[in-house]
Amino acid sequence: VQLQACGGGLVQAGGSLRLSCAASGSIFRLDDMGWYRQVPGKQRELVARVSRSGSTNYADSVKGRFTISRDNAKNTVYLQMNSLKPEDTADYYCAARTGYIPSSYVNDYIYWGHGTQVTVSS
């Protein structure tokens, strides 16, 4: 399974970006799909996760500003990011996993895309 993310870029504080990530390859079933982010010197952290049935969870820092969604027919996950802040600046990674028990734990995700950079200027 390959994950291809796109949509990053440079935006001013208060602006919006939409990330998308499409899975391809030998896909039997993808249960959780999510977005993580990482800045140099820090651990990769969860931004948002969506299950196959549509249940979601978000990092506290992005609640009310970011929305995760997915299209199961297209094996694609999206992240709409509004009211962006400089502290949202990071490399964003999409990830996916199979498993009947939902998980946001980073080590449970076995499929990862390359990072897409998001830079928010003040």
Side-chain angles (χ1 to χ4, degrees):
V1 177
Q2 294 81 43
L3 301 180
Q4 182 65 50
C6 61
L10 172 65
V11 64
Q12 288 188 329
S16 299
L17 283 174
R18 189 188 193 217
L19 306 182
S20 62
C21 176
S24 62
S26 300
I27 300 170
F28 169 65
R29 175 190 174 99
L30 294 176
D31 290 298
D32 294 321
M33 299 186 78
W35 290 95
Y36 289 76
R37 65 187 181 188
Q38 188 171 24
V39 297
K42 292 190 175 181
Q43 290 186 333
R44 193 167 295 186
E45 64 175 8
L46 172 74
V47 178
R49 177 202 68 90
V50 59
S51 72
R52 188 171 184 82
S53 64
S55 65
T56 59
N57 62 288
Y58 295 88
D60 288 343
S61 59
V62 307
K63 284 180 181 177
R65 299 188 298 122
F66 291 11
T67 302
I68 190 170
S69 60
R70 66 187 283 176
D71 184 331
N72 290 330
K74 296 181 179 179
N75 289 310
T76 300
V77 62
Y78 306 95
L79 185 68
Q80 179 66 43
M81 304 185 293
N82 298 329
S83 303
L84 282 159
K85 303 176 181 180
E87 50 263 44
D88 294 319
T89 294
D91 289 325
Y92 283 70
Y93 297 85
C94 64
R97 61 181 292 272
T98 57
Y100 292 103
I101 299 175
S103 174
S104 300
Y105 183 46
V106 62
N107 288 351
D108 285 343
Y109 285 75
I110 61 172
Y111 305 116
W112 289 89
H114 294 293
T116 183
Q117 189 171 45
V118 172
T119 303
V120 185
S121 63
S122 57

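- Cys21 pairs with Cys94 as a disulfide, the SG atoms being under 2.5 Å apart.
- Note that CG of Asp91 is 8.0 Å distant from OG1 of Thr116, once rounded to the nearest 0.5 Å.
- If you take CE on Met33 and OH on Tyr109, they are separated by 9.5 Å, rounding to the nearest 0.5 Å.
- Cluster annotation: Tyr78 is not connected to Phe66 through the hydrophobic network of ILVMFWY side chains, with a link wherever side-chain heavy atoms come within less than 4.5 Å.
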- Task: Walk me through it: do Val118 and Leu19 pass the test side-chain contact (heavy atoms from CB on, under 4.5 Å)?
- Result: CA-CA 9 Å; Val118 172; Leu19 306 182; 4.2 Å; yes
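- Of all heavy-atom pairs spanning Ala95 and Leu3, the tightest one is CA-CD1, 3.7 Å.
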- Message: Go through it in stages, so that I can follow the logic: the residues are Gln43 and Val106, the test is side-chain contact (heavy atoms from CB on, under 4.5 Å), and I'd like the CA-CA distance, side-chain angles, deciding distance and then a yes or no.
- Response: CA-CA 10 Å; Gln43 290 186 333; Val106 62; over 6 Å; no
- Task: Please test Thr67 against Tyr58 for side-chain contact (heavy atoms from CB on, under 4.5 Å), starting from the C-alpha separation and ending with a verdict.
- Result: CA-CA 9 Å; Thr67 302; Tyr58 295 88; 3.9 Å; yes
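- Across all non-hydrogen atoms, the minimal contact from Leu30 to Ala96 is CD2-CB, 4.0 Å.
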- Message: Show, in sequence, the C-alpha distance, side-chain angles and deciding distance for Lys85 and Asp88, and conclude whether the salt bridge (Lys or Arg N to Asp or Glu O under 4.0 Å) test is met.
- Response: CA-CA 5 Å; Lys85 303 176 181 180; Asp88 294 319; over 6 Å; no
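- Using a distance-only test at 3.5 Å, with no hydrogens or angles considered, a donor-acceptor pair links the side chain of Thr89 to the main chain of Val120.
- Summarising the geometry of Gly25 relative to Gln2, their closest heavy-atom pair is CA-OE1, 3.8 Å, with the distance given to 0.1 Å.
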- Kindly determine whether Trp35 and Met81 satisfy side-chain contact (heavy atoms from CB on, under 4.5 Å), including the steps that lead there. CA-CA 12 Å; Trp35 290 95; Met81 304 185 293; over 6 Å; no
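- In terms of heavy-atom proximity, Ser104 sits nearest to Leu46 at CB-CD2, 3.7 Å.
- Hydrophobic clustering places Ile110 together with Val50 (ILVMFWY residues linked when any side-chain heavy atoms are closer than 4.5 Å, directly or through intermediates).
- A donor-acceptor distance shorter than 3.5 angstrom exists from the side chain of Asn72 to the backbone of Arg52, with no hydrogens or angles considered.
- Counting non-hydrogen atoms of neighbouring residues, nucleotides and ligands closer than 6.0 angstrom, the CD atom of Gln4 reaches no more than 12 such neighbours.
- A heavy-atom distance below 4.5 Å is found between the side chains of Arg29 and Tyr100.
- Nearest heavy-atom pair, Ser122 versus Ala13, reported as atom, atom and distance to 0.1 Å: CA-CB, 4.3 Å.
- Proximity of a side-chain donor or acceptor of Asn75 to a complementary backbone N or O of Ala23 within less than 3.5 Å is not detected.
- Rounding to the nearest 0.5 angstrom, the gap separating the SG atom in Cys6 from the NE2 atom in His114 is 13.5 Å.
- Side-chain N/O atoms of Arg37 and Tyr92 include a donor and acceptor closer than 3.5 Å.
- Checking Thr98 against Asp31 by side-chain atom types alone, no donor-acceptor pair falls below 3.5 Å.
- Note: the hydrophobic cluster containing Val47 also contains Val77 (ILVMFWY, side chain heavy atoms under 4.5 Å, direct or indirect links).
- Arg65 approaches Ser83 most closely through the heavy-atom pair NH1-O, 2.9 Å.
- Taken to the nearest 0.5 Å, the CD1 atom of Ile68 stands 10.0 Å off from the OG atom of Ser51.
- Atom OG of Ser55 sits about 4.5 Å away from atom CZ of Arg49, to the nearest 0.5 Å.
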